[in-house]
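In what follows, a single structure is set out as structure tokens and then discussed.
Note that ligands are numbered from 1 as they come in the structure, with each ligand's atoms numbered from 1 the same way.
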Amino acid sequence: MMKIIAVAGTRPNFVKIAPLMAAFAKHPAIEAMLVHTGQHYDARMSEVFFQQLGIPEPDINLGVGSGTHAEQMGKIMMAFEPVVTEHRPDVVVVVGDVNSTIACGIVAVRAGVKLAHVEAGLRSGDRAMPEEINRLMTDAISDYLFCSEPAGVENLRAEGHADERVIFVGNVMIDTLLKNREKAEASDVLDRMNVHAGEYAVLTLHRPSNVDDQAVLGNLLDVLDVIQKDMPIIFPVHPRTRNNLLAGPLGQRAGEMSNLKMVEPAGYLDFLKMMASARLVLTDSGGIQEETTILKVPCLTLRENTERPITAEVGSNQIVGTDPATILAAYRLIMEGKSRSPETPPLWDGHAAERVAKILVEKLAVR
Ligand code: UD1
């Protein structure tokens, strides 16, 4: 039996770990444990994803919660180390690019345990993003680098990683989307939000560079004010954004926009339904760029760069930054029906997690 400890800590991690845990459970040669770091802890950011995606109850919850980066990573490392020492897995599997990813990765490698990184090789080129540093560091110490798109493979090769460690498997987040798409269709969220399919926008914002900077946030509100006059905007507000936006003077301005519907963070199925039926999506998230590509819904990414270039090359995504004129120009083209028809990226086929399971068993058996 191959013993795996899989790690998840934040909302997007849960969406990625769900198909991996399912694939591990199905594989006769794998015994897997799940560790939740507790980086995200609100029911709406965590529990609801476990329920809706059928993720098994974590075997261990490290319960670390929020803090500065150093506090958060320090607490995760201190809590995860005894877990690795006690259970001695053959491999630790980490996903994505959050603080939980790198903190658990370092602990595994220091304990002499193999490390597998799922969603390896993505690079925005922007070292001011905490996630970029997490990605670089995690990949640098990983034994198995599972890539979601061709750019990931190219980046890792350019950084000198040996070919046999770099494996293109496709996108586990899309495994989850394809599996739940039908179930999400049944959600009555549009009625609850009082909007009609194809006649509203969805917005998410949580990147520190957008929501921690009042000038940038002010620019984005200028844009939203224009769009909300055309159609309702559903805005499920991330806790970081709630703390920074609603607390300040800009919160009052946002509150006065009658068609900007600020709501609690949505569960997975409601959010998938909201995206799938939207006229367009505005976001600074990574995963949403990928999900809208598969849903073929136009996506405007409110960032200067992306670590997921395939979504803009073949998908429905456009990187528009935070300058109001640029965002609104792209918005108007979408409204005129001038967006190109997106394609599906290679291997985003619903079977990425099964490939990870199979390859891990093969690789570790020939060790
Ligand atoms: C983290 C990830 C980010 C990812 C995002 C997805 C890092 C460095 N960042 O950002 O890459 O895109 O998750 O959501 O790992 N809070 C709550 N309840 C919670 C969790 C957080 O209220 O359940 C609040 C706290 O005030 C906390 C703040 O949100 O201080 C930020 O949380 P944190 O985990 O530090 O980072 P995120 O912004 O969520």
Sequence neighbours excluded, every pair satisfying salt bridge (charged side-chain N to carboxylate O under 4.0 Å, His left out) that has a member inside residues 223-245: Asp212-Arg240, Asp225-Lys229
Under the salt bridge (charged side-chain N to carboxylate O under 4.0 Å, His left out) definition, can you give me all pairs with a residue in residues 60-84, not counting sequence neighbours?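 Sorted result for residues 60-84: empty, none.
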Who gets closest to atom 2 (C) of ligand 1 by heavy atom: Thr204, Ile102, Val98?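 Minimum heavy-atom distance to atom 2 (C) of ligand 1 goes to Val98.
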Worked check of salt bridge (Lys or Arg N to Asp or Glu O under 4.0 Å) between Arg308 and Glu290: CA-CA 8 Å; Arg308 294 163 160 88; Glu290 302 182 330; 2.9 Å; yes
Electrostatic pair [X]-[Y], nearest N-O below 4.0 angstrom:
X      : Y      : answer
Arg207 : Asp213 : no
Arg253 : Glu256 : no
Arg303 : Asp126 : no

Part of Pro12 within contact of ligand 1 (heavy atoms, under 4.0 Å):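 Contact part for Pro12 vs ligand 1: side chain (C-beta onward).
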Nearest non-hydrogen protein atom, atom 20 (C) of ligand 1: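 Closest protein heavy atom to atom 20 (C) of ligand 1: His40 CD2, 3.4 Å.
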Which residue holds the protein heavy atom closest to atom 36 (O) of ligand 1, what is that atom called, and what is the gap in Å?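 Looking only at protein heavy atoms, the one closest to atom 36 (O) of ligand 1 is Arg240 NH2, 3.7 Å.
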Can you confirm, on distance only, whether ligand 1 has an N/O atom lying under 3.5 Å from any N/O atom belonging to Asn99?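 Yes, at least one N or O pair falls under 3.5 Å.
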His238 to ligand 1: N or O pair under 3.5 Å? yes
Can His69 be said to touch ligand 1, with heavy atoms closer than 4.0 Å? yes
Per-atom contacts, ligand 1 versus Gln72 - under 4.0 Å to a heavy atom: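 Listed by number with element: 34 (O), 35 (O).
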In terms of atom number and element, which parts of ligand 1 are under 4.0 angstrom from non-hydrogen atoms of Glu131?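 Once the distances to Glu131 are compared, the set is 3 (C), 9 (N), 11 (O).
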Taking the six-membered ring for Trp, are the ring centroids of Phe14 and His40 within less than 6.0 Å of each other? no
